[in-house]
Amino acid sequence: MGIKRIVDTSFWTDGKVDDFTPEDKYFMLYLLTNPFSTQLGIYEISIKQVAFQLGYSIDAVRSLIDRFENKYEIIIYSPETSEIAIKNSLRHSIIKGGFGVWDCLVKEIKKVKDKSLIDKIFSHIKSADNLNPTVIALIKDYESGYVRNYRE
């Protein structure tokens, strides 16, 4: 059985998504649900792989990444590590919390190559309303250094 990703039905009525082209909607759903995606919302994926899976040219994927990073400000892309960080992923993807979820997110944090992505994502969401308590604890633990020193 495959890994599941939750996409809230409110995706379709979100103010930003209203302005998306059909191509943008397809790309956003891909970013949220592709086989490399994580609960953390930060993962490594090559532009070539995205192009192959979506059936787009490499130039079209580069254009989409640029649009989502600079126009919509939804993602952060690290060209050095080929990692994509979805800014609000943790606000929407973590429904239930607890130690199991916290532990999963810590394991995913340790796999991130460009640690500045974590800092940017946490800085972006930490003052958000209705943030899951597990995510709040994770951010505090990360900022205190506990997560970096945590051993399973």
Side-chain angles (χ1 to χ4, degrees), residues 3-47 49-50 53-54 60-150:
I3 296 172
K4 309 289 187 252
R5 295 285 177 246
I6 296 171
V7 178
D8 197 300
T9 57
S10 67
F11 170 85
W12 297 105
T13 57
D14 182 281
K16 272 193 175 179
V17 174
D18 288 344
D19 296 332
F20 283 4
T21 67
E23 180 182 55
D24 292 341
K25 291 173 185 174
Y26 179 50
F27 185 62
M28 188 69 220
L29 287 172
Y30 175 79
L31 290 175
L32 296 171
T33 62
N34 74 73
F36 301 97
S37 66
T38 64
Q39 286 298 118
L40 184 63
I42 302 172
Y43 54 88
E44 183 178 357
I45 187 169
S46 72
I47 290 176
Q49 184 70 40
V50 175
Q53 289 184 337
L54 292 178
V61 171
R62 284 191 178 117
S63 177
L64 283 163
I65 288 172
D66 179 66
R67 186 160 61 240
F68 273 66
E69 186 168 27
N70 298 306
K71 179 181 178 184
Y72 300 132
E73 299 179 344
I74 292 175
I75 66 169
I76 303 166
Y77 178 68
S78 173
E80 296 82 20
T81 61
S82 298
E83 289 173 302
I84 288 180
I86 304 168
K87 286 185 173 181
N88 286 321
S89 181
L90 284 173
R91 286 183 61 202
H92 304 292
S93 69
I94 306 300
I95 306 305
K96 293 186 178 185
F99 182 76
V101 172
W102 184 92
D103 193 49
C104 171
L105 293 171
V106 168
K107 287 176 183 173
E108 291 177 356
I109 283 172
K110 291 182 177 258
K111 292 179 183 177
V112 174
K113 293 177 182 175
D114 183 346
K115 300 297 185 196
S116 73
L117 294 174
I118 300 165
D119 296 330
K120 290 172 185 172
I121 295 303
F122 286 177
S123 175
H124 177 75
I125 66 166
K126 72 179 177 182
S127 61
D129 293 335
N130 301 323
L131 202 56
N132 184 288
T134 300
V135 174
I136 294 169
L138 178 74
I139 293 170
K140 287 179 183 173
D141 289 346
Y142 182 82
E143 290 176 341
S144 73
Y146 178 72
V147 168
R148 288 173 271 242
N149 299 321
Y150 179 73

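Bear in mind the structure is a predicted one, so any value in this text is a computation, not a measurement.
In this structure, Lys115 does not pair ionically with Asp119, as no charged nitrogen and carboxylate oxygen lie closer than 4.0 Å.
Rounding to the nearest 0.5 Å gives a distance of 6.0 Å between CD of Glu73 and NZ of Lys16. Atom CD1 in Ile42 sits 12.0 Å away from atom NZ in Lys87 (nearest 0.5 Å). In this structure, CD1 in Ile139 is found 11.5 Å from CD1 in Ile118, a value given to the nearest 0.5 Å. In this structure, OG on Ser63 lies 7.0 Å from CD on Glu23, to the nearest 0.5 angstrom. Rounded to the nearest 0.5 angstrom, Asp114 CG and Ile76 CD1 are separated by 9.0 Å. The distance from the CG atom of Leu31 to the OG atom of Ser37 is 9.5 Å, given to the nearest 0.5 Å.
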Hey, mind stepping through Tyr43 and Ile86 against side chain to side chain contact (heavy atoms under 4.5 Å, CB included) and telling me if it holds? CA-CA 9 Å; Tyr43 54 88; Ile86 304 168; 4.2 Å; yes
Given side chain to side chain contact (heavy atoms under 4.5 Å, CB included), test Met28 with Val17 step by step and report yes or no. CA-CA 9 Å; Met28 188 69 220; Val17 174; 5.5 Å; no
Is there a side chain to side chain contact (heavy atoms under 4.5 Å, CB included) between Gln49 and Phe36? Walk through the geometry before answering. CA-CA 10 Å; Gln49 184 70 40; Phe36 301 97; 3.5 Å; yes
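The two residues Gly41 and Ser89 make their nearest non-hydrogen contact at CA-OG, 3.5 Å. The two residues Ile136 and Leu131 have their closest heavy-atom pair at CD1-O, 3.5 Å.
Legend: residues meeting salt bridge (charged side-chain N to carboxylate O under 4.0 Å, His left out) with Arg91, ordered by chain and number and at least two apart, are absent. Residues satisfying the ring-ring contact (aromatic ring centres under 6.0 Å, His included) criterion with Tyr72, sequence neighbours excluded, are Phe20, Phe68. Legend: residues meeting salt bridge (charged side-chain N to carboxylate O under 4.0 Å, His left out) with Glu44, ordered by chain and number and at least two apart, are Lys113.
No hydrogens or angles considered: a donor-acceptor pair under 3.5 Å links the side chains of Gln53 and Tyr30. In the model, Trp102 has a side-chain atom that pairs as donor or acceptor with a side-chain atom of Asp141 under 3.5 Å.
Within the 4.5 Å cutoff, the side chain of Ile94 has heavy atoms near those of the Leu105 side chain. In this structure, the side chains of Thr21 and Lys25 stay at 4.5 Å or more apart for every pair of heavy atoms. A heavy-atom distance below 4.5 Å is not found between the side chains of Asp24 and Asp19. Phe122 has its side chain within reach of Leu90: a pair of non-hydrogen atoms, C-beta onward, lies under 4.5 Å apart. Side chains of Leu117 and Ser78 form a contact here, defined as non-hydrogen atoms less than 4.5 Å apart. Side chains of Ile74 and Phe27 form no contact here, defined as non-hydrogen atoms less than 4.5 Å apart. A heavy-atom distance below 4.5 Å is not found between the side chains of Lys140 and Lys126.
Only one option out of Ile84, Ile45, Val50 pairs with Asn34 in a side chain to side chain contact (heavy atoms under 4.5 Å, CB included); it is Ile45.
With hydrogens and angles ignored, the 3.5 Å screen pairs a side-chain donor or acceptor of Glu108 with a backbone N or O of Gln39.
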